[in-house]
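Note sheet for the following structure.
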Amino acid sequence: GFGTVGRTWIDVTSDKTDRGLRLIRLPGGNLFMAGYCKSVHLTCAAWLTPSGSKASGFGVSGSGSALFTDYAGWPTDAYTSFGVAAFADGRVAIAVGKPDASTELNYTYLALLRADGSGLDPAAGNGAGYVSRTVATSELLVTPQQQLIVVGTNRSATPHSIIVSRFDST
């Protein structure tokens, strides 16, 4: 079964404002849930077993969860997740909001997590583990060829435009 009577509660942090926004199935059968935690909307995630328990060995310190501010090099202005997708090797791509105070638009960080969730994958972003995009991102998809398709919206001009990008896997 899944959790107790088909449901489970996951605490990523001790704060009362943890919120799950995206859920995907990973290639090995576990689940990956991303969202935000704490009242300041810090990006966070949990790796779950098919039965709904935190998956040990994943996330920060193998706890089954991660507050992304614990990842070395994570941008301090990143806040909530907008899209997630998994590669066949278990790495997870995640689109995270990035505010731009000068334009009042929401831009995006596109990050790649290591397969065990212990940190950012330096294979992306010239070693940083993420890239910064100047468009809002709404959805991610990994193709059978292990390419990342990113769908978003350019809101900096009128009319607004749909932007579709492809990133080849590393």
Side-chain angles (χ1 to χ4, degrees), residues 10-24 26 31-48 54-87 89-142 148-157 160 163 165-170:
I10 305 297
D11 286 326
V12 176
T13 69
S14 59
D15 193 272
K16 64 180 178 182
T17 325
D18 294 358
R19 183 172 180 198
L21 298 172
R22 302 284 183 257
L23 179 70
I24 60 171
L26 297 172
L31 304 172
F32 176 83
M33 179 181 63
Y36 66 81
C37 293
K38 302 193 176 195
S39 58
V40 291
H41 293 210
L42 300 175
T43 310
C44 62
W47 287 257
L48 306 173
K54 281 187 184 178
S56 64
F58 289 86
V60 176
S61 304
S63 64
S65 63
L67 191 58
F68 283 30
T69 53
D70 291 338
Y71 289 150
W74 185 250
T76 57
D77 61 345
Y79 55 101
T80 191
S81 60
F82 291 116
V84 294
F87 287 94
D89 63 4
R91 293 179 302 160
V92 173
I94 183 168
V96 178
K98 169 193 172 195
D100 185 321
S102 63
T103 62
E104 297 184 10
L105 295 172
N106 288 328
Y107 294 149
T108 308
Y109 289 114
L110 188 57
L112 185 61
L113 302 181
R114 292 183 181 132
D116 65 0
S118 62
L120 300 171
D121 188 329
N126 293 319
Y130 67 90
V131 295
S132 181
R133 294 174 36 93
T134 57
V135 296
T137 299
S138 56
E139 197 63 51
L140 304 179
L141 172 80
V142 174
L148 182 65
I149 305 296
V150 181
V151 177
T153 305
N154 180 0
R155 297 183 205 153
S156 62
H160 296 176
I163 307 290
S165 307
R166 185 188 84 195
F167 295 86
D168 294 331
S169 66
T170 53

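Residues: numbered from 1 along the sequence shown. All values below were derived from every heavy atom in this structure, side-chain atoms included, with hydrogens, water molecules and symmetry-related copies excluded.
Here the side chains of I163 and S165 are in contact, with some heavy-atom distance below 4.5 Å. The closest side-chain heavy-atom distance from V150 to R133 is below 4.5 Å. The shortest distance between side-chain heavy atoms of V92 and L26 falls below 4.5 Å. The closest side-chain heavy-atom distance from K98 to P75 is not below 4.5 Å. With a 4.5 Å cut-off on side-chain heavy atoms, F82 and L140 do not count as touching. Residues T43 and Y109 are not in side-chain contact: their nearest non-hydrogen atoms beyond the backbone lie 4.5 Å or more apart.
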With a cut-off of 3.5 Å and sequence neighbours excluded, list every side-chain donor-acceptor pair involving residues 56-63.
from : atom 1 : to  : atom 2 : distance (Å)
S63  : OG     : V60 : O      : 2.9
S63  : OG     : S65 : N      : 3.4
S63  : OG     : S65 : O      : 3.1

Between D116 and W47, does a side-chain contact (heavy atoms from CB on, under 4.5 Å) hold up when you go through it step by step?
-> CA-CA 9 Å; D116 65 0; W47 287 257; over 6 Å; no
Verdict with reasoning, L110 to F167, per side-chain contact (heavy atoms from CB on, under 4.5 Å) | CA-CA 11 Å; L110 188 57; F167 295 86; 3.6 Å; yes
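Considering all non-hydrogen atoms of both residues, A95 and T108 come closest at CB-CG2, 3.8 Å. Nearest heavy-atom pair across V131 and G125 is CG1-CA, 3.7 Å. The nearest pair of heavy atoms linking L113 to L120 is CD2-CD2, 3.9 Å. S81 and R22 make their closest contact through OG-CG, 4.2 Å (heavy atoms, listed as atom of the first residue, atom of the second, distance). The two residues V84 and A34 have their closest heavy-atom pair at CG1-CB, 3.9 Å.
In this structure L23 satisfies the side-chain contact (heavy atoms from CB on, under 4.5 Å) test together with L31, M33, sequence neighbours excluded. For F68, the ring-ring contact (aromatic ring centres under 6.0 Å, His included) partners are Y71, W74, not counting sequence neighbours.
Within the model, atoms CG of L112 and CG of D121 stand 4.5 Å from one another, a figure rounded to the nearest 0.5 Å. Atoms OH and OG1, on Y107 and T137 in that order, are 12.0 Å from each other to the nearest 0.5 Å.
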